[in-house]
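As the structure is a prediction and not an experimental result, all values here were calculated from the model. Proteins come first, then strands; the chains are lettered A, B, ... in the order of their sequence lines, and each starts at number 1.
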Number of protein chains: 2
Amino acid sequence: MTTDICSELRFDKDKIEKIKTKLVPNVVVDGLADTFKVLSDPTRVKIVLALLGGELCVCEIAEVVGMSQSAISHQLRKLKDLRLVKRRKSAKMVYYSLDDDHIIQLLTECMGHVQEEFREPISMPLIENVK
Amino acid sequence: MTTDICSELRFDKDKIEKIKTKLVPNVVVDGLADTFKVLSDPTRVKIVLALLGGELCVCEIAEVVGMSQSAISHQLRKLKDLRLVKRRKSAKMVYYSLDDDHIIQLLTECMGHVQEEFREPISMPLIENVK
DNA sequence: GTTATATATGAACATATGTTCATATATGGA
DNA sequence: TCCATATATGAACATATGTTCATATATAAC
């Protein structure tokens, strides 16, 4: 028997099986990936950041983000499908807001990771307001 | 002057400008989106989950995740480029481990969001071990 | 040196994604 | 009713992405 770990585990897979039993179900893995995916686009991140300051209607979001009404509407649908945002209708307007507090925490944690790239801390007025 | 908010803000953009000044720079928005993006794939999520239990070599990860060595190697590169994992070389082997604690927090927060879809809390033995 | 093993990587392929454009739906005012 | 406005959506397009396959690199044993 060699000391080669990878060759060895083809015959003795105890460690592998032990880890496998601790993994979460695929449906949960997919849920995690899908949630991260909806935040993986700069336009959608900007929308979420803008909504940290409170609810906005679609055309306000379009103005803030600097993108077309159609593009924003498509992206809001994805954010809503994954329960990142919720909406409130009033007359002709539709107001969007963040759905729950996990979103803010997710952004804050991610910011902590991104921050390590930069020399100085990043100012995040909107997140600071929420805290 | 109409009460229509969207028409109105074409002439009075105070609210919009105020929010715009509070947004983070584009380079940070992209950093956030890129970090979320690297976690937006089920294979990469599984890799990170597996590494919660400690460092693993490439072929061990491939076994645990159930994907080819090549596919895992490609994904590890992306995880490493975004500083989600780091690596340690030893003889022929390369051992990967999580790069910092933000990753665990990110997963935990995201799990909190995903959990709301399900009736009962999801068991996450590996994360519980880390805590 | 040669051979075997562990990992990395480029090309190719199918699939997924984001925006634009045109248009549909819905609501309010005349 | 008819028109204007706010939002939603389907089709089309270009671009991005994940896996496979073949192969390159690196290290160890002989």
Where do N or O atoms of nucleotides 10-12 of chain D meet protein N or O atoms at under 3.5 Å, pair by pair?
{"unit_1": "D/dG10", "atom_1": "O6", "unit_2": "A/H74", "atom_2": "NE2", "d": "2.8"}

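- Rounded to a whole Å, the CD atom of B/E63 is 12 Å from the P atom of C/dT7.
- Of the candidate nucleotides C/dA8, D/dA8, C/dT20, D/dA8 has the atom nearest to the side chain of A/S73.
- Relative to the side chain of A/M93, the nucleotides D/dA6, C/dA8, D/dG18 differ in distance, and D/dA6 lies closest.
- No engagement by B/K80 is indicated, since no non-hydrogen atom pair under 4.0 Å with the nucleic acid exists.
- Summarising the geometry of B/V29 relative to A/P42, their closest heavy-atom pair is CG1-O, 3.6 Å, with the distance given to 0.1 Å.
- The stretch residues 28-40 of chain B participates, sequence neighbours left out, in no side chain to side chain donor-acceptor pair (under 3.5 Å) pair at all.
- Between the CD atom of B/E55 and the P atom of C/dA6 there is a distance of 16 Å, given to the nearest Å.
- Nucleotide D/dT19 holds its C1' atom 11 Å from the CD1 atom of B/I72, rounded to whole Å.
- A search for side chain to side chain contact (heavy atoms under 4.5 Å, CB included) contacts involving B/K18 returns nothing, not counting sequence neighbours.
- Taking the side-chain hydrogen bond (donor to acceptor under 3.5 Å, both in side chains) definition, one finds that B/E17 meets it with nothing, sequence neighbours left out.
- Residue whose closest nucleotide on DNA chain C sits further toward the 5' end, between A/Q75 and B/V58: B/V58.
- Looking at every heavy atom in both residues, B/L107 comes nearest to A/L32 through O-CD2, 4.2 Å.
- The listed nucleotides are D/dT7, C/dA8, D/dT20; the one nearest the side chain of B/A71 is D/dT20.
- Distance A/Y96 OH to D/dA6 C1': 11 Å, rounded to the nearest Å.
- Taking all atoms of both residues into account, the shortest heavy-atom contact from B/C57 to B/Y95 is N-CD2, 3.7 Å.
- The distance between atom CD1 of A/I61 and atom P of D/dT7, rounded to the nearest whole Å, is 9 Å.
- Note on B/R87: every side-chain N or O is 4.0 Å or more away from OP1 and OP2 of C/dT7.
- Going from atom CG of A/L79 over to atom P of D/dA8 covers 12 Å, rounded to whole Å.
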Checking B/E117 against B/V114 for the side chain to side chain contact (heavy atoms under 4.5 Å, CB included) test, could you report, in this order, the C-alpha distance in whole Å, the side-chain angles of both residues, the deciding distance, and whether it holds? CA-CA 6 Å; B/E117 278 186 279; B/V114 171; 4.0 Å; yes
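- A heavy-atom distance below 4.0 Å to DNA chain C is reached by none of the residues of residues 36-46 of chain B.
- Distance, B/D30 CG to D/dA16 P: 13 Å, rounded to whole Å.
- At the heavy-atom level, A/K89 lies nowhere under 4.0 Å from the strands shown.
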Can you give me every donor-acceptor pair (side chain of residues 66-85 of chain B, partner residue at least two apart or in another chain, under 3.5 Å) with its distance?
{"unit_1": "B/S68", "atom_1": "OG", "unit_2": "B/A71", "atom_2": "N", "d": "3.0"}
{"unit_1": "B/Q75", "atom_1": "OE1", "unit_2": "B/R44", "atom_2": "NH1", "d": "2.8"}
{"unit_1": "B/R83", "atom_1": "NH2", "unit_2": "A/H113", "atom_2": "O", "d": "2.7"}

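- Nearest nucleotide to the side chain of A/Q69, out of C/dT20, D/dA8, D/dT20: D/dA8.
- In this structure, OH of B/Y95 is placed 17 Å from C1' of C/dA8, rounded to the nearest angstrom.
- Applying the salt bridge (Lys or Arg N to Asp or Glu O under 4.0 Å) rule to A/R88 yields the partners A/E55; only residues at least two apart in sequence or on another chain are considered.
- Among residues two or more places apart in sequence or in another chain, the side chain to side chain contact (heavy atoms under 4.5 Å, CB included) test is passed with A/Q105 by B/E109.
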